[in-house]
Protein chains: 2
Amino acid sequence: MSEPGIRARNRAAIMAAITDSANRQLLEAGPSELSVRAVARELGMASSAIYRYVSSRDELLTLLIVGAFNDMAQSVEARAERMKGARKRWQVIGLASRDWAIEQPQRFALIYGSPVPGYAAPQDTIGPATRIPALLIGILQEAHVQADVSAFDARVARSLRPALANLDQWADLRTREFNDAAFALGVMAWTHIIGSISFELFGHRHNVVGDSQSDRRTYFEFELNVLADLLGIGQGV
Amino acid sequence: MSEPGIRARNRAAIMAAITDSANRQLLEAGPSELSVRAVARELGMASSAIYRYVSSRDELLTLLIVGAFNDMAQSVEARAERMKGARKRWQVIGLASRDWAIEQPQRFALIYGSPVPGYAAPQDTIGPATRIPALLIGILQEAHVQADVSAFDARVARSLRPALANLDQWADLRTREFNDAAFALGVMAWTHIIGSISFELFGHRHNVVGDSQSDRRTYFEFELNVLADLLGIGQGV
DNA sequence: AACTATATGCGAGCAGTGCTCTTGCTTTCT
DNA sequence: AGAAAGCAAGAGCACTGCTCGCATATAGTT
């Protein structure tokens, strides 16, 4: 009964084989080139048989999206958790995110590029998508960050609180060690990390930052430092 | 001789009709859905006839990309040039960019989302793509911005100078009113504007910033203020 | 004015796509 | 053992980008 059963096991295996094959295609082709028939060919089955496991191409893409979010988050978490000190951890989060993206640019484009079809972000993605940001918030709390922005900016940041109200998932933000402006700056920081990686990967830095890997990395580290200062994550902590 | 001639005029008109039709499709469908055959249908000609004007679907997309860059730049320039004061102009550049993107999200995705095919950014795009950044650099010079970053960051920024060497197009950056770090921060600011718009448009802000237009705009303005302070564009100037 | 080269249009056709439906077979549950 | 559910395959539909051969209209040349 609770035994997996031959069929259930086969199903799981084939499911994995499908996403594996699709991910392999993504390594060199880009989301719009992903072909259900090509997956079927690689698995040696009829194209129609795929639809027993995945109801449409878009659903397959959603599976890959969730997988990519989780894979990236896991990769970043693994490197971040053995770092001591808020600033160091902040930098590792940024660098690890960038490294993952450079290794698998198509998967990065899949999750942070333009949404593929008509698209309505499926509910399944928001969980995996927030893993790294959650890590970031943790760092800001750990560092007891209190953002000192102008009075005007603070007012603006506070006005965003209603929107953030349903966010108990972000740990308890109501502690005094973490004000609204700090949260707003944290969102900015994460936005910038992804934005910068996108610029680099999508070719918007040609003739602006050097084309060599070392130039690009240097500039990215520069950005991480500026952001860390902006966030108020001290050197020593 | 120098007369346009019937054929040349026809050709230009049809060319314009093609890009117009394609752009119309982009308003509601997204780059990967763009269909040469659909364009042909709308123009009432055979699908094969399109290839007399455009050698491939990718070339058509490139035309649209150049057009989108120029359209966005023109829209932003128009609103920016009648503003006085560096900070005000900076904010208008940001807001106008965002407005354009919200009006035509698919065209924004076309130029700042994931690159479409195998892709190698054609040379024709880099000119139009740098119009708004050039505007930004102008503002920084106008405001006599001298970035005061940490010694470390300044060193990093300076190490990027070789990469920026071939950039005489960016007006004269060698003036004392504009140091390397200021340029690096300017690139950061532009990166952030596009990154933030992308996050908003591509749905990465759900459950983070309010879903209402006013919440989103408020947050964007918050970001612009923080960046202006970071750039050292004073309130009064 | 006649001729030739070039530019343009059309239709058929190829190879590929996502997806559906029918038909047969195998595993599972009762 | 028999019924029900799951699975695989093939044919087929409507669509795509793109090429080729064949007509026709325009342009420049003799």
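All values derive from a computational prediction rather than experimental measurement. Letters go in sequence order (proteins before strands), and every chain restarts at 1.
Look at CZ on B/R57: it is 17 Å from P on D/dC15, rounded to the nearest Å. Whole-Å rounding puts the A/R41 CZ to C/dA15 C1' distance at 11 Å. Rounded to a whole Å, the CG atom of A/L61 is 10 Å from the P atom of C/dG18. Regarding B/Y51, its OH atom lies at a distance of 7 Å from the P atom of D/dT19, rounded to whole Å. Rounded to whole Å, the distance from CD1 on B/I50 to C1' on C/dT8 is 12 Å. When the P atom of C/dA7 is taken as reference, atom CZ of B/R11 falls 9 Å away, rounded to whole Å. Summarising the geometry, the separation between CG on A/L43 and P on D/dA9 is reported as 11 Å, rounded to the nearest angstrom. Distance B/I18 CD1 to C/dG9 C1': 12 Å, rounded to the nearest Å.
A donor-acceptor pair shorter than 3.5 Å can be found between the side chains of A/R205 and B/T191.
Applying the salt bridge (charged side-chain N to carboxylate O under 4.0 Å, His left out) rule to A/R217 yields the partners A/E221; only residues at least two apart in sequence or on another chain are considered. For B/H192, the side-chain hydrogen bond (donor to acceptor under 3.5 Å, both in side chains) test picks out A/H192, B/E223, with sequence neighbours left out.
Around atom CD of A/E59, more than 12 heavy atoms belonging to other residues, nucleotides or ligands sit under 6.0 Å away.
The aromatic rings of A/W190 and A/Y112 stand perpendicular to each other, their planes meeting at an angle above 60°, with 30° marking the opposite boundary.
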At a cut-off of 3.5 Å, list every protein nitrogen or oxygen paired with a nitrogen or oxygen from nucleotides 10-12 of chain C, distance to 0.1 Å.
unit_1	atom_1	unit_2	atom_2	d
C/dC10	OP2	B/A46	N	3.0
C/dG11	N7	B/S48	OG	3.3
C/dG11	O6	B/S48	OG	2.7

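Residue contacts for B/I14: at a heavy-atom cut-off of 4.0 Å it reaches the sugar-phosphate backbone alone, with no base atom in range. B/L34 comes within 4.0 angstrom of sugar-phosphate atoms only, judged by non-hydrogen atoms across all strands, and of no base.
With hydrogens and angles ignored, the 3.5 Å screen pairs no side-chain donor or acceptor of B/T125 with any backbone N or O of B/V66.
Within the model, atoms CD of A/Q104 and CG of A/N23 stand 8.0 Å from one another, a figure rounded to the nearest 0.5 Å.
Side-chain nitrogen and oxygen atoms of B/Y53 include at least one within less than 4.0 Å of the OP1 or OP2 phosphate oxygen of C/dG9.
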